[in-house]
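Reading through the structure tokens given below for one structure.
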Amino acid sequence: PGRADGAGSRGWEVTYSLLYATLLLLLFLAVLLCNLSVTRNLVAMHRRGQTSRRLASLEQPAGRRRLSMSEEVDHLILLAIMTITFIVCSLPFTIRAYMNKFIEEEDYKKDLLALRFLAINPIIDPWVFVILRPSVLRVIRSVLCCQMSLKTKDITQTTPAAESKSNKQTDLCGQ
């Protein structure tokens with residue numbers, strides 16, 4: 001026979017909440033490890049590609065080399081933003097679930113806020129992916145690099161070392 005006061009159901013609610021939070025934490029760690037692995041591999045490919053790009057510079061136009069490096073950087077930026085979005089939306093729920101079990105603090109407003117963050121992640125992800133697609137990131141980066149390179153040209157002196165630094169920054173921006 002079940003208890004009429006609901007104490008048994010409270011135990012199941014806590015168990016379910018902790019199980020869900022633990023699975024979410026494991027998912028969070030798996031996503032984080034996979035994204036770090038992909039980032040490490042993309043950086044390694046980029047470094048290997050720099051050597052092959054130097055060798056192929058006579059065969060390909062300079063614009064294509066810049067585009068390839070730009071695409072790699074764009075994908076790294078998008079991956080980082082998607083990972084940060086996932087972390088920001090997922091961790092509050094996990095933290096609140098463990099706090100509710102071990103600290104015995106019942107703040108329903110914070111719990112509801114954590115659930116809202118968790119629920120908004122699948123809504124935000126496609127928008128982030130669409131809005132920050134590589135072509136848009138290239139435009140943002142070129143605008144930011146132009147502004148930064150113009151500021152550094154105004155501030156720095158026109159010495160050979162300063163010109164070399166300015167030229168390197170311009171090359172990184174793909175301009």
Side-chain angles (χ1 to χ4, degrees), residues 1-47 49 67-152 155 169 172-175:
R3 297 179 74 180
D5 63 359
S9 67
R10 173 75 178 137
W12 282 107
E13 290 172 5
V14 170
T15 302
Y16 179 76
S17 177
L18 285 178
L19 178 64
Y20 190 81
T22 302
L23 289 174
L24 188 60
L25 184 62
L26 291 174
L27 176 66
F28 162 74
L29 292 174
V31 167
L32 189 63
L33 288 174
C34 288
N35 287 352
L36 289 174
S37 173
V38 167
T39 301
R40 184 178 52 86
N41 287 331
L42 283 174
V43 168
M45 283 175 37
H46 175 69
R47 288 182 181 158
L67 183 60
S68 176
M69 185 171 72
S70 172
E71 287 173 352
E72 292 169 2
V73 171
D74 291 342
H75 289 289
L76 280 172
I77 291 170
L78 183 59
L79 181 64
I81 291 171
M82 296 294 285
T83 303
I84 290 168
T85 302
F86 177 71
I87 290 169
V88 167
C89 290
S90 301
L91 275 183
F93 176 80
T94 306
I95 292 168
R96 287 300 306 165
Y98 284 111
M99 284 178 66
N100 286 340
K101 170 62 178 162
F102 298 113
I103 297 178
E104 304 272 340
E105 172 192 347
E106 291 191 17
D107 187 353
Y108 295 113
K109 288 183 179 183
K110 288 182 182 177
D111 293 343
L112 186 59
L113 183 62
L115 281 171
R116 286 179 179 158
F117 269 101
L118 187 63
I120 202 165
N121 186 39
I123 298 168
I124 290 175
D125 278 346
W127 285 101
V128 168
F129 193 76
V130 167
I131 292 171
L132 296 178
R133 62 189 180 272
S135 59
V136 174
L137 285 174
R138 271 194 298 274
V139 170
I140 292 170
R141 193 176 56 244
S142 67
V143 168
L144 290 175
C145 284
C146 280
Q147 290 177 355
M148 292 176 74
S149 64
L150 289 175
K151 287 179 183 178
T152 57
I155 294 172
Q169 184 176 7
L172 288 175
C173 294
Q175 299 173 354

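Expressed to the nearest 0.5 Å, how far CZ of F93 lies from CG of N121 amounts to 13.5 Å. With values rounded to the nearest 0.5 angstrom, D111 atom CG is found 12.5 Å from K109 atom NZ. Of the inter-residue distances, the one linking L29 atom CG with C34 atom SG reads 11.0 Å to the nearest 0.5 angstrom. Atom-to-atom distance recorded for L132:CG and I81:CD1 is 4.5 Å, nearest 0.5 angstrom. The distance from atom OG1 of T83 to atom CG of L36, rounded to the nearest 0.5 Å, is 7.5 Å. Interatomic distance, CG of L23 versus CG of L18, reported as 11.0 Å (0.5 Å rounding).
Put simply, the side chain of D107 reaches to within 4.5 Å of the side chain of R96, judged on heavy atoms. Within the 4.5 Å cutoff, the side chain of C89 has heavy atoms near those of the I120 side chain. V136 is listed as a side-chain neighbour of R133, based on a closest heavy-atom distance under 4.5 Å. Between Y20 and L25, every side-chain heavy-atom pair lies at or beyond the 4.5 Å cut-off.
Considering every non-hydrogen atom in both V128 and M82, the closest pair reads CG1-SD, 3.6 Å. Closest approach of S142 and V139 over heavy atoms only: OG-O, 2.9 Å. What you find for P122 and L118 is that their closest heavy atoms are CD-O, 3.6 Å.
Residue F28 places its CZ atom among more than 12 non-hydrogen atoms of other residues, nucleotides or ligands, all under 6.0 Å distant. Other residues, nucleotides and ligands contribute only 12 or fewer heavy atoms inside 6.0 Å of the OH atom of Y108.
With 3.5 Å as the limit, one finds a donor-acceptor pair spanning the side chains of T22 and Y98.
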